[in-house]
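Structure, as structure tokens:
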Amino acid sequence: MHFILNEMLRRVRTRFAPSPTGPLHIGGVRTALYAYLFARKHGGDFLLRIEDTDQNRFVPGAEEYIIEALQWCGIHIDEGVSVGGPHTPYRQSERKEMYRQYAMQLVKSGHAYYAFDTAEELEQQRKTAEAAKQTFAYGSASRMSLKNSLTLSSDETEKLLNSNTPYVIRLKVPADETIVFNDLIRGEVQFNSSLVDDKVLLKSDGMPTYHLAHIVDDYQMEITHAIRGEEWLPSAPAHILIYQYLNWKDKMPHYAHLPLLLKPDGKGKLSKRDGDRLGFPVFPLEWKDPFSGEVSNGYRERGYYPEAFINMLAMLGWNPGTEQEIFTMQELIDAFSFDHVHKAGARFDPEKAVWFNAQWLQKQDDTQMAMRLSKVVKQHFNLPDEHRSLSLEYVKECVRLLKPRIQFEQEMTVKGSYLFVAPQEYDSTVIGKKWKPELMPFFNHLLSAWADLKSFTAEETEHVFKDIAGKNNIKPGEVLQLTRVFISGQAQGVDLFPMIAMLGNAEVNQRMKAALSSM
RNA sequence: GGCCCGUUCGUCUAGGGGUUAGGACAUCUCCCUUUCACGGAGGAAACACGAGUUCGAUUCUCGUACGGGCUACCA
């Protein structure tokens, strides 16, 4: 009863605890997102902790990248490296001393022991086992034949310790016990402890391993729900044991092991190489490797809206139980729950990602888009400030016309270039198929009739166009595409007559003449 | 190899002892449109296999197959 009450009163706290070994992969972003959604949903806190206990794998800039990526995604950090909080520091390397005492506590209580085997010796054990078609594991079955404080006399152990012989501290996992725990996504999961190895808790360099560090931190930081990738499931029993041996079982967080993101094709989990191979980003932000200088694409730079990116990621492995697909962050928070997280890994679908962006693009405000576009157009086409194509009203109309035809904002300058500058060349397929010199009189009539127009509107220009065509015994279809190409250069684009009206009499006349003279 | 997790259209998924197995992306057809899109309508498309339980299994159980993860002094 007390336990349940305690449980109910505990403020929900989740964390995202990446290791700064490079840019955040989209799978990692999804893990962070789910942890964030869950915390927000329950009015709790979301923390960012940096797990940098492996100094060999430290990559400069990775931590900054992680913070920037989360920020771009709209995942707000309540506590952590970038914002501080009551449990500072949030970087494990700076908490180094805290871990040691817990490792020692476990040694004293008999749940952990010193091991002096060198990396080479263990490697040799593995090779020997492999040769015999067996697997070497440092565990209950093998530990008594290895070099550790369980096999050595206390004097010998003492001597080794005093002579600064490198050692690690290992968890003493009991033989043949059933370890059961309840995963938020998978339900009850069982392991036999004989198959769990004696995990290293404290490395010979004095740093803790993930296994010890994340538990000490989660406990101290009062984490209630530990959300992580499925790759951690096999080591979960060891973690349960550590909580038990530290007498923290009542404060142990609920674990949720998320399914992994798989390659769009073929086998295996999604990797950076798939992005390169298939042409889609696997990182939220562009990343330049500080060692090799190699640049990896990011969703942000590719032109994705963070809302679309998050929306897409959220739907990969989770569903609301309804048919809604487009979600704002707040809607995701309201709808999120672990019992709608799918158990199986999800193949990443780059095409659906594009679709999500297109959906979000349609929702964008025209005026805002126009202001962004105006800047880009000015720069892209090197136009002077006072150029008529730069006026907000004009650009807004462009946005309105272009919007349903694009999936990314940056396509506007390319697909709609003719709205801002005259074409440099004409679609050769249309010209080749449709152009005949006999058409010249029609176009000459058309141009003079348009030039006489008092109100150069879509309706009027269209009316005149059909009228002149009729008088020349030409079906509109024969010349419509040509007219489009003469004015825009492209075979397809926004509605023809509204475009003509927008461009205006003078511009259209100029473009038509230029085109005609080059025929 | 061992251990763990998983398996519904090509993909993301809903569902769950009796359903015409639903939606979305992609794909195809048609409509709208004298272009391209958007939009609308429709089509094709799935319960891995084998046993068992049951009046009845896609749904429950067990096997098999397949997929994924782990098997480091990495996380």
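In what follows, every chain begins at residue 1, and chains take the letters A, B, ... in the order their sequences are listed.
- B/rG23 and B/rC30 are spaced 22 Å apart, taking the P atom of each and rounding to whole Å.
- Between the side chain of A/N472 and the main chain of A/I468, a donor-acceptor pair closer than 3.5 Å is present.
- Side-chain N or O atoms of A/T151 include none that pairs as donor or acceptor with a backbone N or O of A/S145 at under 3.5 Å.
- Within the shown strands, B/rG10 is the pairing partner of B/rC25 under the Watson-Crick or G-U definition, both distances less than 3.5 Å.
- Nearer to the 5' terminus of RNA chain B, by closest-nucleotide assignment, is the contact made by A/W318 (compared with the other of A/L260 and A/W318).
- Residue contacts shown for A/K343 are limited to sugar-phosphate atoms, with no base heavy atom under 4.0 Å away.
- Of the inter-residue distances, the one linking A/L258 atom CG with A/F338 atom CZ reads 6.5 Å to the nearest 0.5 angstrom.
- Here the side chain of A/H463 pairs no donor or acceptor atom with the backbone of A/E459 at under 3.5 angstrom.
- Nucleic acid contact class of A/F356 (heavy atoms, under 4.0 Å, all strands): none.
- Within 4.0 Å of A/G229, counting heavy atoms only, lies no atom of the nucleic acid at all.
- Rounded to whole Å, the P atom of B/rA37 lies 16 Å from the corresponding atom of B/rU33.
- Using a 4.0 Å heavy-atom distance criterion, A/V430 is classed as making no nucleic acid contact.
- Look at B/rC3: its Watson-Crick or wobble partner, with both distances under 3.5 angstrom, is B/rG69.
- Atoms CD1 (A/I487) and P (B/rC36) sit 18 Å apart, rounded to a whole Å.
- Looking at A/Q125, its side chain never comes within 3.5 Å of a backbone N or O of A/L122 through a donor-acceptor pair.
- Atom CD in A/E130 sits about 13 Å away from atom P in B/rG1, given to the nearest Å.
- For A/N319, no side-chain nitrogen or oxygen approaches OP1 or OP2 of B/rU13 to under 4.0 Å.
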Short N/O separations, protein against nucleotides 70-75 of chain B, under 3.5 angstrom:
from: B/rA72; atom 1: OP2; to: A/R126; atom 2: NE; distance (Å): 3.4
from: B/rC73; atom 1: OP2; to: A/R170; atom 2: NH2; distance (Å): 3.1
from: B/rC73; atom 1: O2; to: A/S204; atom 2: N; distance (Å): 2.7
from: B/rC73; atom 1: O2; to: A/S204; atom 2: OG; distance (Å): 2.7
from: B/rC73; atom 1: N3; to: A/S204; atom 2: OG; distance (Å): 3.0
from: B/rC73; atom 1: N4; to: A/D117; atom 2: O; distance (Å): 3.2
from: B/rC74; atom 1: OP2; to: A/K203; atom 2: NZ; distance (Å): 3.2
from: B/rC74; atom 1: O2'; to: A/D54; atom 2: OD2; distance (Å): 3.2
from: B/rC74; atom 1: O2'; to: A/R57; atom 2: NE; distance (Å): 3.2
from: B/rC74; atom 1: O2'; to: A/R57; atom 2: NH2; distance (Å): 3.2
from: B/rC74; atom 1: O2; to: A/R57; atom 2: NH1; distance (Å): 3.4
from: B/rC74; atom 1: O2; to: A/R57; atom 2: NH2; distance (Å): 3.4
from: B/rA75; atom 1: OP1; to: A/T53; atom 2: OG1; distance (Å): 2.8
from: B/rA75; atom 1: OP1; to: A/K203; atom 2: NZ; distance (Å): 2.8
from: B/rA75; atom 1: OP2; to: A/Y210; atom 2: N; distance (Å): 3.3
from: B/rA75; atom 1: O3'; to: A/E51; atom 2: OE1; distance (Å): 3.2

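- Taking atom NZ of A/K403 as the reference point, atom C1' of B/rG39 lies 15 Å away to the nearest angstrom.
- Taking atom CD of A/Q190 as the reference point, atom P of B/rC5 lies 9 Å away to the nearest angstrom.
- One P atom belongs to B/rA26, the other to B/rC4, and the distance between them is 41 Å to the nearest Å.
- Candidate nucleotides B/rU11, B/rG69, B/rU34 were compared by shortest atom distance to the side chain of A/L480, and B/rU34 ranks first.
- Atom pair A/R347:CZ and B/rC9:P shows a separation of 11 Å (rounding to whole Å applied).
- B/rG1 sits 36 Å from B/rU54 when the P atoms are compared, rounded to a whole Å.
- To the nearest whole angstrom, the two C1' atoms, one in B/rA45 and one in B/rU8, are 12 Å apart.
- A donor-acceptor contact under 3.5 Å links the side chain of A/R405 to the base of B/rC36.
- Nucleotides B/rG22 and B/rU64, compared at atom P, are 33 Å apart to the nearest Å.
- The A/D349 side chain lies nearest to B/rC25 when the options are B/rC25, B/rG2, B/rU13.
- Under a 3.5 Å cut-off, the side chain of A/D176 and the backbone N or O of A/S193 do not form any donor-acceptor pair.
- For the pair A/H342 and B/rA14, the criterion of a side-chain N or O lying under 4.0 Å from OP1 or OP2 is met.
- When rounded to the nearest whole Å, the span between CD of A/Q324 and C1' of B/rA14 equals 14 Å.
- Heavy atoms of A/G321 sit nowhere under 4.0 angstrom from any nucleic acid atom.
- Regarding A/N357, its CG atom lies at a distance of 20 Å from the P atom of B/rA24, rounded to whole Å.
- The phosphate of B/rU11 has neither OP1 nor OP2 within less than 4.0 Å of any side-chain N or O from A/K352.
- Of the candidates B/rU34, B/rA37, B/rC25, the closest approach to any side-chain atom of A/E351 belongs to B/rC25.
- Counting any heavy atom pair closer than 4.0 Å across all strands shown, A/R484 reaches a base atom.
- The side chain of A/Q492 sits closest to B/rU35 out of B/rC12, B/rU35, B/rC5.
- A cation-pi contact, defined as under 6.0 Å to the ring centre and within 45° of the axis, is absent between A/R143 and A/Y138.
- Between B/rG42 and B/rA24, the two P atoms lie 11 Å apart (nearest whole Å).
- B/rU64 is paired with B/rA48 under the Watson-Crick or G-U wobble criterion, all donor-acceptor distances under 3.5 Å.
- Separating the P atom of B/rC70 from that of B/rU11 is a span of 23 Å, rounded to the nearest Å.
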Begin from the C-alpha positions of A/E97 and A/R95 and carry the test salt bridge (Lys or Arg N to Asp or Glu O under 4.0 Å) through to its verdict. CA-CA 6 Å; A/E97 290 318 309; A/R95 304 168 65 81; over 6 Å; no
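- With sequence neighbours left out, the salt bridge (Lys or Arg N to Asp or Glu O under 4.0 Å) criterion links A/D289 to no other residue.
- No more than 12 heavy atoms of other residues, nucleotides or ligands sit less than 6.0 Å from atom CD of A/E425.
- Judged by the 6.0 Å distance and 45° axis criteria, A/R302 is positioned over the aromatic ring of A/F408.
- Shown here, B/rU35 forms no base pair; nothing in the strands shown gives a Watson-Crick or G-U wobble contact with both key distances under 3.5 Å.
- You'll find that the side chain of A/P404 is closest to B/rC38, out of B/rC12, B/rC38, B/rU35.
- Comparing A/I406 and A/E323 along RNA chain B, the residue whose closest nucleotide (by nearest heavy atom) sits nearer the 5' end is A/E323.
- At a threshold of 4.0 angstrom between heavy atoms, the contacts of A/K267 are confined to the sugar-phosphate backbone, with no base atom among them.
- Straight-line distance from the CZ atom of A/F327 to the C1' atom of B/rA24: 12 Å, rounded to whole Å.
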